[in-house]
Amino acid sequence: MHLVIHKEDLTRALAATTKVVEARSTIPILSSVQLAAAGDGLAITATDLDISATAGVPAEVAKPGNICVSAKLLNDIARKATGDITMSLKGDKLSIKSGRSRFSLSTLSAEDFPTLGDDKFDAEFEIDLAALFAPVSFAISTEETRYYLNGVFFKGGSESEAVATDGHRLGRHIGPELPAFDGVMVPRKTVGLIPKGKVQVAVSQQKIRIVSDDVRITSKLIDGTFPDYERVIPKANERVIIVDRDALMKASDRVSTVSSERGRAVKFSIAPGSIALAVAAGEASANDEVEAEYSGEPMDIGFNAAYVRDVLNVLPLGPVKLALQDGGTPGLITSDGFEGLTLVCMPMRV
């Protein structure tokens with residue numbers, strides 16, 4: 001293998017693929033990227049056995065070849081290079097030159113590089129998948145024991161849907177019409193790798209493939225049953241409070257300052273014209289108040305301050321609607337400025 005590639009092209013391709021590589025992998029081949037040089041380009045592939053990412057970039061290929069080298073070392077060399085980069089395979093070593101810099105890296109056989117196998121998909125379409133998933137991804141669970149919540153539930157049809165929940169908060173985002181396919185669960189790591197903008201997507205019950213101008217990602221899906229989220233979303237919350245998003249978020253953050261406990265409940269005392277917020281933590285306490293539009297009976301409800309921040313943070317500036325039923329029922333949060341997005345926050349005892 002012998003080729004010359006622009007530094008910018010190599011760093012861009014490595015940035016798009018090496019995020020897949022696990023930093024602490026004990027399997028050498030999974031700490032590597034596969035370099036496949038042929039024709040007038042170089043294809044770089046990384047995998048962790050569940051996700052595979054490939055980026056192709058132009059290169060002057062004098063001699064084709066296929067080899068694996070350390071992802072971290074190649075990435076660091078490319079970032080620090082001063083100009084065009086020359087790569088040539090000499091025996092079992094990859095020689096890399098840029099300016100006056102010279103490097104020699106150990107290699108592994110490309111035949112040992114794992115693949116995810118052949119792909120057959122049920123539906124293919126174009127969509128801004130990152131924009132569909134972004135407003136709900138905050139609610140993805142990080143509890144590995146509840147693996148079936150460790151991703152975004154994605155469904156096609158007359159209205160596409162993206163849903164995520166960790167059992168404490170939930171987000172559902174309605175998207176454009178797509179070809180119908182049964183709901184699948186896209187893993188948290190894959191969600192974080194999705195390129196921004198329109199991408200080509202193919203879905204089966206086992207895998208999802210996402211293709212942009214820069215990278216091609218194929219990922220296994222979570223094998224499990226996502227909960228019936230429709231039952232969690234309140235349907236009879238008739239007490240509607242309209243409040244400024246920033247005012248409520250900042251007041252909740254201020255009163256939670258006195259508590260050292262993660263997940264301390266903030267008491268929301270709702271009355272016509274205002275929401276009073278209060279936290280009691282041992283000998284310390286805090287109170288605040290924000291203006292609100294409300295004309296119903298006074299009521300109290302408790303919410304986790306961190307969850308309030310996360311939920312409100314995905315909504316645009318301006319007024320938001322908080323729909324409640326009573327102090328023990330989940331709160332429904334929406335904004336006229338973000339159609340199609342429904343957010344749910346479970347209450348806490350106060």
Worksheet item: Which atom pair, heavy atoms only, marks the closest approach of N237 to Q325?
Response: OD1-CB, 3.4 Å

Worksheet item: With a 4.5 Å heavy-atom cut-off, do Y229 and L170 have their side chains touching?
Response: yes

Practice prompt. Kindly indicate, with the supporting measurements, whether the criterion side-chain contact (heavy atoms from CB on, under 4.5 Å) is fulfilled by I275 and I241.
Written response: CA-CA 9 Å; I275 301 176; I241 305 98; 3.8 Å; yes

Discussion item. Is the distance between the ring centroids of F338 and H173 under 6.0 Å?
Written reply: yes

Worksheet item: Can L132 and S160 be said to form a side-chain contact (heavy atoms from CB on, under 4.5 Å), step by step?
Response: CA-CA 9 Å; L132 181 66; S160 57; 4.2 Å; yes

Discussion item. Within the 3.5 Å criterion, strictly below it, is a donor on S269 or D300 matched to an acceptor on the partner's side chain?
Written reply: yes

Discussion item. Any carboxylate oxygen within less than 4.0 angstrom of a Lys/Arg side-chain nitrogen, looking at D253 and K250?
Written reply: no

Practice prompt. Could you pull out the closest heavy-atom pair between A162 and F133, with the gap in Å?
Written response: CB-CD1, 3.6 Å

Worksheet entry | CD1-CD distance between I127 and Q200, expressed to the nearest 0.5 angstrom | 11.0 Å

Practice prompt. Inspect the surroundings of CG in N313 and state if more than 12 heavy atoms from other residues, nucleotides or ligands are less than 6.0 Å away.
Written response: yes

Discussion item. So, taking the atom named OG1 in T82 and the one named CZ in R100, what distance separates them when rounded to the nearest 0.5 Å?
Written reply: 10.0 Å

Worksheet item: Side-chain contact, heavy-atom cut-off 4.5 Å: P272 with S295?
Response: no

Worksheet item: When clusters are formed by joining ILVMFWY residues with side-chain heavy atoms under 4.5 Å apart, either directly or through shared neighbours, do L149 and L343 land in the same one?
Response: no

Worksheet item: Where the side chain of R172 meets the backbone of L341, is there a donor-acceptor pair that is under 3.5 Å apart?
Response: no

Discussion item. Under 6.0 Å between ring centres: does that hold for F181 and F125?
Written reply: yes

Worksheet item: With a 6.0 Å cut-off on ring centres, are F226 and Y148 close enough?
Response: no

Fill in: Any V240 side-chain heavy atom under 4.5 Å of L322 side chain
no

Item to complete: Decide, yes or no, whether a salt bridge links R254 with D288 under the criterion of side-chain N to carboxylate O below 4.0 Å.
Response: yes

Worksheet, complete the sentence: For K207 and G117, the nearest pair of non-hydrogen atoms, with its separation, is NZ-O, 3.8 Å

Item to complete: Verify, without hydrogens or angle tests, whether K97 (side chain) and S95 (backbone) share a donor-acceptor contact under 3.5 angstrom.
Response: no

Worksheet item: Is it true that a side-chain atom of D166 and a backbone atom of R169 form a donor plus acceptor pair closer than 3.5 Å?
Response: yes

Fill in: Interatomic spacing from OG1 in T115 to CD in Q34 - rounded to 0.5 Å
9.5 Å

Practice prompt. Flag yes if L108 and F113 sit in one hydrophobic cluster, no otherwise; membership is Ile, Leu, Val, Met, Phe, Trp, Tyr, and two members link when side-chain heavy atoms are under 4.5 Å apart.
Written response: yes

Worksheet entry | Non-hydrogen atoms of Y307 and C345 that approach each other most closely | CB-SG, 3.9 Å

Worksheet entry | Electrostatic pair E124:R209 at N-O distance under 4.0 angstrom | yes

Worksheet item: Between the main-chain N or O of V21 and the side-chain N or O of D48, is there a donor-acceptor pair closer than 3.5 Å?
Response: no

Item to complete: Determine yes or no for a side-chain-to-main-chain donor-acceptor pair under 3.5 angstrom, with T17 supplying the side chain and A53 the backbone.
Response: no

Discussion item. Is it true that S106 and K93 share a donor-acceptor pair across their side chains at a distance under 3.5 Å?
Written reply: yes

Worksheet item: Quick one: does D244's side chain get under 4.5 Å of V290's, heavy atoms only?
Response: no

Item to complete: Say whether V201 and V163 are linked into one hydrophobic cluster, either directly or through other cluster members, by side-chain heavy-atom distances under 4.5 angstrom.
Response: no

Worksheet item: Can any side-chain N or O of R188 pair as donor or acceptor with the backbone N or O of S141 at less than 3.5 Å?
Response: yes

Worksheet item: Counting heavy atoms not belonging to E291, are there more than 12 under 6.0 Å from its CD?
Response: no

Worksheet entry | Heavy-atom check, side chain of D122 versus side chain of Q205, under 4.5 Å | yes

Discussion item. Hydrophobic clusters here meaning ILVMFWY residues chained together by side-chain heavy-atom distances under 4.5 Å, can you tell me if V136 and L332 are in one?
Written reply: no

Discussion item. Main chain of V4, side chain of T86: is a donor-acceptor contact present, judged purely on distance under 3.5 Å?
Written reply: no

Item to complete: Please test I217 against I194 for side-chain contact (heavy atoms from CB on, under 4.5 Å), starting from the C-alpha separation and ending with a verdict.
Response: CA-CA 8 Å; I217 298 168; I194 297 172; 5.8 Å; no

Discussion item. Are R239 and M299 packed together at the side-chain level, in the sense that at least one heavy-atom pair is separated by less than 4.5 angstrom?
Written reply: yes

Worksheet item: Above 12 or not: heavy atoms from other molecules or residues under 6.0 Å from CZ of R349?
Response: no

Item to complete: Kindly indicate whether the side chain of P234, heavy atoms from C-beta on, has any atom under 4.5 Å from the side chain of V344.
Response: yes

Practice prompt. Sequence neighbours left out, what passes side-chain contact (heavy atoms from CB on, under 4.5 Å) with D112? Give chain and number order.
Written response: I29, S109

Worksheet item: Minimum heavy-atom separation for V152 to A164, with atom names?
Response: CG2-CB, 4.3 Å

Worksheet item: Going through the checks in order, is the side-chain contact (heavy atoms from CB on, under 4.5 Å) test met by F154 and E161?
Response: CA-CA 6 Å; F154 178 36; E161 286 187 66; over 6 Å; no

Worksheet item: With a 3.5 Å cut-off and no angle check, do the side chains of S52 and T47 form a donor-acceptor pair?
Response: no

Worksheet item: Taking 4.0 angstrom as the limit, do D76 and K80 come out as a salt bridge?
Response: no

Worksheet item: Out of curiosity, T218 OG1 to I210 CD1, how far, rounded to the nearest 0.5 Å?
Response: 8.5 Å

Practice prompt. State whether the number of non-hydrogen atoms from other residues, nucleotides or ligands found under 6.0 Å of D40 atom CG is greater than 12.
Written response: no

Worksheet item: Does any non-hydrogen side-chain atom of K72 lie less than 4.5 Å from one of N75?
Response: no

Worksheet item: Which residues, ordered by chain and number, are linked to I5 in its hydrophobic cluster, where ILVMFWY side chains connect at heavy-atom gaps below 4.5 Å, directly or through other members?
Response: M1, L3, L10, L14, V33, L35, L42, I44, V57, V61, I67, V69, L73, L74, I77, I85, M87, L89, L94, I96, F103, L105

Fill in: N-O pairing of K155 and D182 below 4.0 Å
no

Fill in: Check: A281 main-chain N/O paired with S285 side-chain donor or acceptor under 3.5 Å
no

Discussion item. As an exercise, state the distance from NZ of K189 to CD1 of I140, rounded to the nearest 0.5 Å.
Written reply: 14.0 Å

Worksheet entry | Donor-acceptor contact below 3.5 Å, side chain K235 vs main chain E230 | yes

Worksheet entry | OG1 on T329 to CE on M346, rounded to 0.5 Å | 9.0 Å

Fill in: Any donor-acceptor N/O pair, T11 side chain to K7 backbone, under 3.5 Å
yes

Worksheet entry | ILVMFWY network linking I51 to L30, side-chain heavy atoms under 4.5 angstrom | no

Item to complete: Please report the shortest heavy-atom distance between L193 and K19, naming the atom on each side.
Response: CD2-CB, 3.4 Å

